[in-house]
2 protein chains.
Amino acid sequence: MKQRLAAIGTVETLPHRVATFLSREIESGELNPGARLPTEQELSEKFGVSRNVVREAIAQLRADGMIEARQGIGAFVLAPEQRAAIRIDREALKDTHNMERLFELRCILEAESAALAAARRSKEHLDSIKAALDRMGGEERWEEGSIDADLLFHREIARATGNSYIHTFISFVCEQIRHSIHYARMTNPLHDLVEINVGEHVRIYDALVAGDPAAAEAAMRAHIVGAANRVGVRLPLSKANGAK
Amino acid sequence: MKQRLAAIGTVETLPHRVATFLSREIESGELNPGARLPTEQELSEKFGVSRNVVREAIAQLRADGMIEARQGIGAFVLAPEQRAAIRIDREALKDTHNMERLFELRCILEAESAALAAARRSKEHLDSIKAALDRMGGEERWEEGSIDADLLFHREIARATGNSYIHTFISFVCEQIRHSIHYARMTNPLHDLVEINVGEHVRIYDALVAGDPAAAEAAMRAHIVGAANRVGVRLPLSKANGAK
DNA sequence: GTGATACATATCATCCTACAACTTATTTCG
DNA sequence: CGAAATAAGTTGTAGGATGATATGTATCAC
């Protein structure tokens with residue numbers, strides 16, 4: 001808990017601020033792919049920080065594949081396709097439209113993954129999923145514990161696909177949505193009343209136990225559309241609505 | 001081109017090596033969430049590098065949300081759910097099983113996204129997609145240019161969904177697969193003979209023009225399964241095979 | 001004049017030292 | 001015994017020095 005709060009309200013360290021500034025400049029197109037960044041010394045003077053700070057910032061951008069530094073020449077902006085990491089701007093999560101986009105992405109990922117999980121889940125997987133389901137228990141309101149259990153439920157299903165990348169991606173997207181909801185609740189306390197729907201989860205679990213991919217996919221899709229609705233996001237998934 | 005080669009054969013910088021080492025230690029579970037990392041001084045002695053190098057490595061892990069550093073105390077490993085970035089280990093891409101997993105993830109993402117794109121694409125989107133299609137042109141073999149055009153084709157479709165996150169995720173996964181195939185071709189030259197199937201692309205494009213989500217999804221799914229087969233990966237997608 | 005070599009310059013990579021800011025444990029003193 | 005002062009340990013930042021690498025410039029032999 002202490003860890004989570006610290007992670008959300010992270011102190012703005014100097015290298016982080018410099019990295020964010022440069023990153024925004026690249027994203028916004030002020031620095032096009034191929035362009036050369038100012039030298040480390042110029043940057044350190046411009047921001048009024050030491051060269052060490054600038055180097056740590058550049059090291060981060062380089063690790064993400066946003067820039068490439070070449071000894072003796074300089075640092076250059078790389079094309080977006082060459083990114084080595086997906087990083088989502090926390091600030092952007094405060095925008096409701098982005099929360100909607102995340103829910104849409106989540107629906108795409110989890111619906112079909114649920115079908116995979118139904119086909120591949122082992123006994124051990126089912127036990128883990130059941131344990132998470134029980135932890136949600138009688139709690140009808142979204143307390144922190146219930147949210148944790150809910151996310152664990154989804155992660156365990158993703159794990160049951162046997163595909164580690166699917167697990168990673170779904171975990172990541174779910175966590176971004178958690179943050180997005182967290183921000184939304186701060187600005188609009190009404191969201192505190194949002195309920196957690198146990199029935200939807202049970203239907204997903206039953207489909208997994210039965211090993212019925214189509215049912216699992218439908219149940220998962222219905223659940224995510226429902227979850228989105230409960231936080232005020234109406235998913236405009238043409239396929240989801242039409243295919244049911 | 002020069003950029004891409006440089007990006008692939010990136011020189012192993014010291015901070016990168018330290019970061020990779022620590023990252024592996026965390027992934028493997030030798031350093032559990034909550035555990036404290038050795039001090040910067042201890043690490044610099046252990047690796048025989050300066051504290052500066054250690055700091056750059058830690059800055060990267062911190063930016064990824066893998067660890068949290070607290071002034072005056074130390075650095076601590078965070079839970080996997082708190083990751084702020086998705087980063088895929090390039091080494092792991094050399095494993096064919098991982099290429100298979102990536103194709104599976106790609107299929108999930110792109111199939112349904114194609115349906116969304118069919119419902120939402122604008123005239124301008126169609127033009128961009130058509131341009132990429134034309135660039136693939138008569139080339140029947142996978143030259144670098146054709147691969148670029150192919151990836152652009154897929155990226156433009158993802159963009160036509162209007163969901164920037166979907167675009168980001170699909171671009172990223174496709175790029176990882178490109179690297180994976182690149183490695184596979186180095187160890188097994190036979191893969192040089194892999195062909196690009198223009199017909200599959202045309203069918204996708206036609207469905208997008210027609211604004212037919214179901215057809216677009218089916219065509220995209222068939223295409224990705226086909227593309228996987230052509231590089232020697234048989235996709236075990238239960239749903240994909242059954243639903244057609 | 002031309003070409004090759006040597007030199008100077010610019011930049012990133014790494015190292016080193018020092019100090020500030022923060023946390024924790026210990027000691028000291030009322 | 002309790003509270004404040006002190007000391008020690010750790011990360012954050014600053015600044016300079018040196019090595020490695022790429023590029024441009026000048027010099028010199030022919």
Side-chain angles (χ1 to χ4, degrees), chain A residues 1-3 5-7 9-23 25-26 31 34-78 82 84, chain B residues 1-3 5-7 9-23 25-26 31 34-78:
Chain A
M1 189 58 181
K2 191 171 58 177
Q3 284 178 359
L5 288 180
T10 295
V11 197
E12 277 269 312
T13 179
L14 283 182
H16 181 252
R17 271 164 61 175
V18 174
T20 302
F21 184 92
L22 292 176
S23 158
E25 228 168 18
I26 292 177
L31 284 171
R36 205 192 116 186
L37 268 68
T39 68
E40 294 177 353
Q41 194 164 16
E42 285 168 347
L43 288 175
S44 78
E45 287 168 5
K46 174 179 177 181
F47 293 109
V49 298
S50 77
R51 237 193 90 214
N52 262 336
V53 170
V54 172
R55 278 196 63 78
E56 283 189 29
I58 291 200
Q60 178 191 323
L61 298 184
R62 194 160 57 157
D64 287 0
M66 292 184 72
I67 69 175
E68 174 191 26
R70 279 146 80 172
Q71 193 169 356
I73 312 179
F76 301 86
V77 179
L78 291 179
Q82 305 197 22
Chain B
M1 191 59 182
K2 190 171 59 176
Q3 285 179 358
L5 287 179
T10 295
V11 201
E12 276 268 312
T13 179
L14 284 182
H16 181 253
R17 271 164 61 176
V18 174
T20 302
F21 185 92
L22 292 176
S23 157
E25 229 169 16
I26 292 176
L31 284 171
R36 203 191 116 184
L37 269 67
T39 69
E40 294 178 352
Q41 193 167 13
E42 285 169 347
L43 288 174
S44 78
E45 287 168 5
K46 174 178 177 182
F47 293 110
V49 298
S50 77
R51 208 186 128 211
N52 240 328
V53 168
V54 172
R55 278 195 63 79
E56 282 189 30
I58 290 193
Q60 177 191 323
L61 298 184
R62 193 160 57 157
D64 287 359
M66 292 184 72
I67 70 175
E68 175 190 25
R70 280 147 78 171
Q71 190 169 358
I73 312 179
F76 301 85
V77 179
L78 291 180

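Proteins get letters first, then strands, A, B, ... in listed order; numbering begins at 1 in each.
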Using the heavy-atom set of chain A and a strict 4.0 Å cut-off, write down the first and last nucleotide of DNA chain D that makes it in, 5' to 3'.
-> D/dT13 to D/dA22
Can you list, by residue number, the residues of residues 45-56 of chain A that have a non-hydrogen atom closer than 4.0 angstrom to DNA chain C?
-> A/R51, A/R55
Look at all strands and tell whether B/I58 reaches a base, only sugar-phosphate, or nothing, counting heavy atoms closer than 4.0 Å.
-> nothing
Closer to the 5' end of DNA chain D via nearest nucleotide, is it A/Q71 or A/P15?
-> A/P15
How far does the helix from C/dG1-D/dC30 to C/dG30-D/dC1 bend, going by the axes of its first and last five pairs, to the nearest 10°?
-> 30°
On DNA chain C, more 5' by nearest nucleotide between B/G72 and A/R62 is A/R62
Within a reach of under 6.0 Å around CD of A/Q41, are more than 12 heavy atoms found that belong to other residues, nucleotides or ligands?
-> no
State which residues pass side-chain contact (heavy atoms from CB on, under 4.5 Å) with A/E42; sequence neighbours excluded, sorted by chain then number.
-> A/P38, A/T39
The side-chain contact (heavy atoms from CB on, under 4.5 Å) partners of A/F47 (sequence neighbours excluded) come to A/V18, A/F21, A/L43, A/V49
ring-ring contact (aromatic ring centres under 6.0 Å, His included) contacts in which one or both residues fall within residues 50-70 of chain B, not counting sequence neighbours | none
Distance-only donor-acceptor pairs under 3.5 Å for side chains of residues 60-67 of chain B, two or more places apart:
| residue | atom | partner | partner atom | Å |
| --- | --- | --- | --- | --- |
| B/D64 | OD1 | A/R87 | NH2 | 2.8 |
| B/D64 | OD1 | B/R87 | NH2 | 2.9 |
| B/D64 | OD2 | B/R87 | NE | 2.7 |
| B/D64 | OD2 | B/R87 | NH2 | 3.1 |

Rounded to the nearest 0.5 Å, how far apart are CG of A/L37 and CD of A/E25?
-> 8.0 Å
Residues, nucleotides or ligands: over 12 heavy atoms within 6.0 Å of A/R17 CZ = no
Outermost DNA chain C nucleotides near chain B [under 4.0 Å, heavy atoms] | C/dT14 to C/dT23
On DNA chain D, nearest-nucleotide positions of A/I73 versus B/P38: which is more 5'?
-> B/P38
Please collect all side-chain hydrogen bond (donor to acceptor under 3.5 Å, both in side chains) contacts where either partner lies in residues 45-55 of chain B, sequence neighbours excluded, each pair once.
-> A/N52-B/N52, A/E56-B/R55, B/E40-B/R51, B/E40-B/R55
Locate the shortest heavy-atom distance separating A/A57 from A/P15; write the atom from each residue and the value.
-> CB-O, 3.4 Å
